[in-house]
Amino acid sequence: NDDNTAPINDDFGIAARVTFAPVQTENSVVHVGAAYKDIGNDTSAFGLEFAATLDSLHGQMEFFDADENGTDADGYYLQVGYILTGEQRPYKDGKFKRVKPQGDNGAFEVVIRYEDGDGNFADVELGNTNASAWGIGLNWYANNNIRVGVNYTDADDDNSNDDGDEFRARVQLTF
């Protein structure tokens, strides 16, 4: 800043993510990955991920640990889904892609999820806290560009024993 009225932030940061698929066949994938970031000012984070598919069944889990200015945050989630209409979750270049329906009526998927840890649970009225939540959902992939999803989530604050829940509907357009 020319007038020297604003502080200058000269921090240097690094971030990296690596993935590996030790199993990748026509009907199955096993995916493992790790990520790390360090942006100075005592801020760093790392994560580990695992995912697998077997035909229409897919599951994934991730763990993270972060430290920001001496405040530690960590957590994990587990998620399992099944595509009722027989499609598979595509995988390419270390990422799972969107489901592409094979039939005229689209593809239907059920999912369940459990998560626990430090994070933003504002959607279920708990705010930033340490909490656990479980959810169940249904996705309809109408075609390659439209997804409609509904899900229910129930959460409990691990610090105050407060709880919250939500029902959410989402329409996603992809081009």
Side-chain angles (χ1 to χ4, degrees), residues 15-37 45-66 73-126 130-156 158 163-175:
R17 178 176 179 260
V18 295
T19 63
F20 176 61
V23 175
Q24 191 169 358
T25 69
E26 186 175 310
N27 296 329
S28 62
V29 172
V30 173
H31 162 100
V32 293
Y36 178 77
K37 77 174 182 177
F46 79 91
L48 301 172
E49 60 191 67
F50 174 82
T53 63
L54 178 60
D55 296 321
S56 297
L57 179 67
H58 54 88
Q60 62 191 53
M61 65 178 98
E62 186 171 358
F63 169 79
F64 78 91
D65 186 33
D74 59 19
Y76 67 93
Y77 74 85
L78 308 165
Q79 180 172 302
V80 177
Y82 185 77
I83 304 171
L84 301 170
T85 47
E87 289 84 354
Q88 297 176 8
R89 184 160 299 281
Y91 180 84
K92 183 178 179 184
D93 299 330
K95 295 184 241 174
F96 287 91
K97 304 297 184 174
R98 68 180 178 261
V99 173
K100 295 185 179 184
Q102 302 300 311
D104 293 336
N105 295 323
F108 288 88
E109 172 188 45
V110 293
V111 294
I112 58 173
R113 178 181 173 104
Y114 178 79
E115 61 186 288
D116 190 310
D118 303 304
N120 186 346
F121 291 88
D123 291 343
V124 288
E125 304 300 323
L126 298 178
N130 183 299
S132 58
W134 65 270
I136 186 166
L138 175 68
N139 293 311
W140 174 46
Y141 300 89
N143 57 43
N144 289 342
N145 303 98
I146 299 173
R147 183 187 105 175
V148 178
V150 294
N151 68 287
Y152 171 77
T153 303
D154 181 52
D156 294 308
D158 294 338
D163 63 357
D165 61 347
E166 102 174 326
F167 179 79
R168 178 182 290 195
R170 175 180 178 177
V171 175
Q172 181 176 343
L173 305 174
T174 308
F175 296 96

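Please read these numbers as outputs of a predicted model, since none were measured by experiment.
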Atom of [X], atom of [Y] and distance for their closest heavy-atom approach:
X: Ala66; Y: Ala45; value: CB-CB, 3.8 Å
X: Ala107; Y: Ile83; value: CB-CG2, 4.4 Å
X: Val150; Y: Ala169; value: CG1-CB, 4.0 Å
X: Ala133; Y: Ala155; value: CB-CB, 3.7 Å
X: Val171; Y: Val148; value: CG2-CG2, 4.4 Å
X: Ser132; Y: Asp116; value: CB-OD2, 3.6 Å

Backbone N/O of [Y] and side chain of [X]: donor-acceptor pair under 3.5 Å:
X: Arg98; Y: Asn144; value: yes
X: Thr153; Y: Asp165; value: no
X: Glu87; Y: Gln102; value: yes

Do Phe96 and Tyr91 pass the ring pair (Phe, Tyr, Trp, His ring centres under 6.0 Å) test, and can you show the C-alpha distance, the side-chain angles, and the key distance before you say yes or no?
CA-CA 4 Å; Phe96 287 91; Tyr91 180 84; 4.7 Å; yes
Do the two ring centres, one from Tyr152 and one from Phe167, sit under 6.0 Å apart?
no
Please confirm whether Phe50 and His31 have ring centers closer than 6.0 angstrom.
no
With distance as the sole criterion, is a donor-acceptor pair present between the side chains of Tyr141 and Glu109 under 3.5 Å?
yes
Below 4.5 Å, heavy atoms only, C-beta onward: do [X] and [Y] meet side chain to side chain?
X: Asn27; Y: Gln88; answer: yes
X: Lys97; Y: Lys92; answer: yes
X: Ser28; Y: Val23; answer: yes
X: His58; Y: Val29; answer: no

Quick one: is the NZ or CZ of Arg113 closer than 6.0 Å to the six-membered ring centre of Tyr77, and within 45° of its axis?
yes
